[in-house]
**Student:** 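Would you mind keeping the following structure in view while I ask a few things?
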Amino acid sequence: MSATSGVNVLRYSALAFGVFYGFTHQRSLTASQKAAAAKEEYKHKQQLIEQAKLEYAKSKDPSLRTTEKSGLNQDPMDPKFDLEAYLTALEAQSP
C-alpha cells in the first residue's frame, strides 16, 4: 500500500508543479503582450504628436501659407507684393 501512496504523492506533486508552471508562464506571456501593446500605443501617440506639430508649424509659418504653387506673393501687406504679377496670374486662372 505504501507504493501506491508514494505514486499518488508523485502524481499530485507533478500536477501541482504543472499548474504552477502554467500559471507563471501564462502570466509572463500576458505581461509581454501588454508591454508590446503599450509600446505600440506610445509610438502611435508620438507619431500623432509629431504630425500635429508639423501641421501647427505649417499654419503658423508665413512662408508656407502661399495658396498657389507658383510662388506668387498674394499678401498685399508684404513690401515685395507685385500687383501687376498678381492681376496677371488671376487673369490667367479665370477662363
**Student:** To the nearest 0.5 Å, tell me how far Gln33 CD sits from Ser28 OG.
**Tutor:**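 The CD atom of Gln33 sits 9.5 Å away from the OG atom of Ser28.
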
**Student:** How about Leu87 and Glu91: do any of their side-chain heavy atoms sit closer than 4.5 Å?
**Tutor:**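 SC-SC contact between Leu87 and Glu91 ruled out.
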
**Student:** Indicate every side-chain donor-acceptor pair of residues 49-56 with a distance under 3.5 Å to a residue at least two apart or in another chain.
**Tutor:**
none

**Student:** Leu15, Phe20: one ILVMFWY side-chain cluster at the under-4.5 Å cut-off?
**Tutor:**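 Per the 4.5 Å side-chain linkage, Leu15 and Phe20 are not co-clustered.
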
**Student:** So which pairs with a foot in residues 23-45 pass ring-ring contact (aromatic ring centres under 6.0 Å, His included), sequence neighbours left out?
**Tutor:**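 As it turns out, the ring-ring contact (aromatic ring centres under 6.0 Å, His included) pairs with a partner in residues 23-45, which skip direct neighbours, are Tyr21-His25.
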
**Student:** For Glu41, what residues pass the salt bridge (Lys or Arg N to Asp or Glu O under 4.0 Å) criterion, not counting sequence neighbours?
**Tutor:**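 Salt bridge (Lys or Arg N to Asp or Glu O under 4.0 Å) check on Glu41 returns Lys45.
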
**Student:** Could you tell me the separation between the CG atom of Leu48 and the CD atom of Gln46, rounded to the nearest 0.5 Å?
**Tutor:**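 Reported value, rounded in 0.5 Å steps: 10.5 Å.
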
